[in-house]
Structure formats: structure tokens, C-alpha cells
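Contents: one structure, followed by commentary.
The first residue in the sequence is number 1, and the count goes up from there.
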Amino acid sequence: MATQNGSGNGKDRHTQLDLLTQSEETANSGSGNGNGSRGSGVASNGSAAKSENGARPDEGNGSPAAAETAVYDESKVKTLSSLEHIRLRTGMYIGRLGSGSDPEDGIYVLLKEVIDNAVDEFIMGHGRKIDVTIEDNRVRVRDFGRGIPLGKVVECTSIINTGAKYNDEVFQFSVGLNGVGAKAVNALSVDFRVVAYRNGKYAEAVYERGQLLGQDEGDSDEPDGTYVEFLPDEEIFGEYAFQPDYVERRMWNYACLNSGLRMIFNKKRFVSRYGLLDFLKAEVGEQILYEPSYHKSQYIEFSFTHTTNYGETLFSFVNGQYTADGGSHQSAFREGMLKGVNEYFKKSYGGVDVRESIAGAIAIKLKEPIFESQTKNKLGNTEIRGWLVSEIRSAVVDFLHKNQESAQKIQEKITQNERLRKELNAVKKEAREAARRIAIKIPNFKDCKYHFGHAKHGEESSIFITEGPSAAGSMVSARDPLTQAIFGLKGVPLNVFSRTRAAIYKNEELYNLMMALGIEEGMSNLRFNKVIIATDADYDGYHIRNLLMTFFLSYFEDMVLAGHVHILETPLFRVRNTKETAYCYSEKERNAALGRIRGAEVTRFKGLGEISPSEFGQFIGPDMRLVKVNVRSIHSIPETLTFYMGKNTPERREYIVENLLDEV
């Protein structure tokens, strides 16, 4: 059901679906956020910089002896240059680091920052083509806009808070409003080269790790525009690699969000004529109940339809920036959609019934977007709600008037959702009464102190879903009770493929899991940032893993799409002698360890329960290896689940036989 993607050299790797597709009372010294981030490289004085994922202040910062000998005086106060600050505190500028095996890893943020500048030119009516090439991790981006003013090339690419995007006469709907993006790319690259072409002349600047090496200028017959070339620095990112699939997905998104823009990646063209309508159709495939609605005006564009899937699936963008965590524009879309439907049908349908099974995409243009961070995952402008809701409501009413057949199907879907919700409520009541009779608290569940949404530790919150009491016992003893919860399965979970949502309430274990996660009413109440499947590395463990993934993808698809579901990697082998111990995650690592450690004995871990608590702590600590579950497009989910978890078809039997023969 799942295949692994990436080199496996980072702490995080990625799982795709099909197409692209010490004691309980004492906290461990590291919380283990498992996000694949490494330390920030080398500090300006040449010493190794401390990882940003270090111990929290409330856990202590060293021994009492160290505190007594430390001297805090004027000499300890430092002022960092912007370059030094970017390299030392990389996460503040690009979020996570990673190896490139996750589409949100830092190398893709660098790529995005450069392309965003090129797209901003298109948005302002200059240049209809952007050419991107990546070869041996070296990125080259050429746009055909106005080009950076020749006398400001160095300032615009090396001095923070410098740029023309503070002037809305020049850039009205730009994503990069902070004057940081290109400078961060420069600072985090081994080498960085920029060439601006304007009116038959050019200006060039070349850098090494943010330090200017040289400049040049002269005449040129190149068309106007900007050329940027950079190689991300392994001192910062470690060993990494760009995954073409992820880059292609970004190119397609850029094309759909900017109708008429030609994106070229390694000679492959990406063009969209109908914008978000093309985007949504590609996402949902043939699972639609009616032809998607589409509306586009000067400042807003959206498309929506209902599908045969569970839950809401919404994609939102601001000035071309994907806002993975939504924000005020996405909330306005949900509200406007509901008001439009109720106005047309002269009803008072509930939002849950109208939006169940909806798939939609919305993109807006704002002069002064307010994002929660440099990575721009959530929009915070509250003043836009009024006009957005009004325009969306009017557009929905207009669509329903002009498409009577689609309107009828929407009403039938809402009526069906109402009926299913009422039936489900009856089952919910029975399940809750049964749960109250059985126990006051959720069995086999060890909660943590801080949860997702906590201002300080929310991002570190995680829950491990384990199989059997032995594995759960080891993890409970080894975990950080501040941020790590444990849910122990009592057996093999129910295969919920093709079952209705009522199946959750009729199955005690799945019901308890749902309540532990806090997702009964949707992802907005999710209690943990990372939901980690921790099963044995054997066939039974893989089977349980697939059953859990089927559960999440069937009923809580948006939680998977938002990147909250992960798989824990634990070592398969322990190689040790009296002086050294190595934990190996593959036969290749085991063989390398045997070649390095003389007179070693090898232990094969058959299950998580065989790993002692004293050993387990390091596998769920700061160096925890996680594989994020990723879905390329939502229309691939039903096909994938049908093949792996549905009836035993001839095609699946043939697939199993072929793979078993390969192993023999």
C-alpha cells in the first residue's frame, strides 16, 4: 500500500500512496520532534552551532557545576549580521531542513522563494514564461519579467529588508513582502549567482555562502528578465536530493494559479487554461457528483464540487502561496458557500451537511497579506471576511440558478448527509453510553501534558499507536510524558474499507483511538501534531500499519493530507562488542557496522517489545526517524485502497505472487 521515497539518509523520509502516491515520572532530555531537521550547520566563529531542537528551558540546560563556572559578562553578548542569523537560525526563515524526501523540506522552500519572485513579475503583467532546471541539485531559474534594476542587484539579493515589494505601485499582489526570501537562498547556498537583464544591458553578482565574491556588468542581447542559480549548502542541509515529483507538483500548482503562465521544468511544460478548475479536476479525478462550479474575478478565484469521499477537502492560496493551514480566506469560503446554498434553496441547512464530501479550491489576491510566519502557511487578515463571504455567496447562488441539474444533485447530497448524520448520532449515543459503562477513561492510552495548539510545545506533541502491550510498555517507560502519548492496540484493527462511518462507533478500539486523537468532530480538535504508527517491522506489523492507514484515509483524509500521519522507523539490528554499539535500520547498515566493529555480535529485533526501555528512548528522541505519509492527489486514494484493502481480485493475487517470487 505504501512505498518509500527518498535516499533514506535524513532523519525523515516519506511514504507515498500509489501514484505520488527511564521512568514515567522523569522526562527525557529531548522531546523528539521528528521533523527531520538537523542542526543549523556551523556558527560564524567556526564552531558547531547548537541544534534548534535542543532541550527546552524547563528541562534544564546543563549540570549545576557548569552553571557555576559559566561567566556571563559583556563579552558573551553578540550581535549577528543578517547572514550569520540566517545560517544560525535557519528554521526561522525556511521552517524545517530535511533531506528533500518531504515536499515541505527546506530545499523546496529555497526553490519556491526564487520562483515566487519570477511569478510576481507575471502577476504584474511582465513575462509569460519561467524556465526551471535542476541538475545534480544545482537550481537554475530564468524569468522574462522586467529584471532587477541593474544598480540594485547586490542589495536585492544580500541585504535583508531591501526590495521593491514594499512599493505596491510596482508589486501589488506579491507573496514575498518581507524582503527576506532571495537573501535566505543566498545565505544558505554554497554558491549563488544572479544576473539581471534590462534594456540591452546586464548586471551580475556572484556569492559564496552569502559572501559577495564578485560583480560584473555590460551589454547583452538577452531578453529582459532575471537569472538565478544556486546550490543548497550541505553544511546546512546535510545530504539531500530534490525529488522531481515534488518539483513537478509545484510547477503544476504555479500554472493553475496563474492561467496563461508557462512553467518549464527540465524541458517539461506546465500550462493551465482554466486555472483552479483544472487544478480541482486533477485533484478529484472521476469521483465528482457534478461538474465543478468555477468563479473568477479580479481578486478571487474558486472552484468546488461534491465527491463520493468523506469529509472536507479544501485547498487555499494567497497570491499564489499555498496556505496549508488555511486561514481567514478559507473560513470565508466555507461561510459563503453555506450562505449561498441556503439562500438558493430557501432552507437553513447546517454547515456540516452542506460541506460533507465537498472538494474545493480558493485563491485570492491581497495587497498586504498577513501570514503567521515566513513560511506563510496560514492567512491572518480578518478584514477580508466581509467582501469574500458576500462575493462567494453571490457566485454560488448564480451557479445554482444557471445549473439546475447540479443544484438538484447538491440538494440530494445534503439530504443524504443529513440522514446519515442523524443515523450516526444514534450510533454515537450508544457508543458513548457503552464507553461510560466500561471505563471512565480511555483504556490502553497514556496521554501527555502538552497538546497540539499549545503555544510553546504544541508542535512537538505526538502520539504513538503501537501493537500489543509489550511494545507499549517499553515506549511508556522511555517516552517524554510532556509531549509524547501512547495508544496501545489490543489486536488487529478492523478493516474499514467500504464501510460507513458508523463502523467506528461499533468498534470499541477504533472509537477509543478516535476519541484519544480528538477528531470525532473533525481535524480542528486534533490533539497531536504527529500521529505516529509504531508497528513491528514484520508482515503482521505491515498489515496493521495498512489497516490503520485505511482507517485514517477513509474517514480522516484531511488529517493525512495535512501531513500529520507518520510511520516510526525502528532499528532492525543491534551490532555491538564490549566497547561499541550500533543500531542499524537496514541490512546495508548492519553490514557496514560489522565491517567497522571487530568481534561484534548481532541481534535481530523481531518486534518493538524486544527493545528495552533504556534503549528505546533514543529511537523516539531528537534523532527519531519518521516517514511521513503523503498523498499526491486525492483521486488516487479510492483506487489504492480498493486494490490493497478491497476484495481479493485476480490483479492483486498476481501482484502478491510476483512480489513473493521476487523475494525468493
Side-chain H-bond candidate by donor/acceptor type, [X] with [Y], under 3.5 Å:
X: E301; Y: Y294; result: yes
X: Q408; Y: E412; result: yes
X: Y344; Y: H401; result: no
X: T323; Y: Q330; result: no

Considering all heavy atoms, the nearest R527-H451 contact: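 That would be NH2-NE2, 2.8 Å.
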is_close_aromatic(F270, Y254), centroid dist under 6.0 Å: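 Not close enough - the centres of the two rings lie 6.0 Å or further apart.
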Trace of the ring-ring contact (aromatic ring centres under 6.0 Å, His included) decision for F452 with F528: CA-CA 5 Å; F452 190 39; F528 307 96; 9.3 Å; no
Any carboxylate oxygen within less than 4.0 angstrom of a Lys/Arg side-chain nitrogen, looking at [X] and [Y]?
X: E335; Y: K339; result: yes
X: E283; Y: R249; result: yes
X: K413; Y: D353; result: no
X: E423; Y: R419; result: yes

CA sep, side-chain torsions, deciding dist, call: S259, K296, side-chain contact (heavy atoms from CB on, under 4.5 Å): CA-CA 11 Å; S259 301; K296 184 177 182 179; 3.8 Å; yes
Polar side-chain atom of Q411 near backbone of F345 as donor-acceptor pair, under 3.5 Å: no
For F242, all residues meeting ring pair (Phe, Tyr, Trp, His ring centres under 6.0 Å), sequence neighbours excluded: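 With sequence neighbours excluded, F242 shows a ring pair (Phe, Tyr, Trp, His ring centres under 6.0 Å) to Y108, given in chain and number order.
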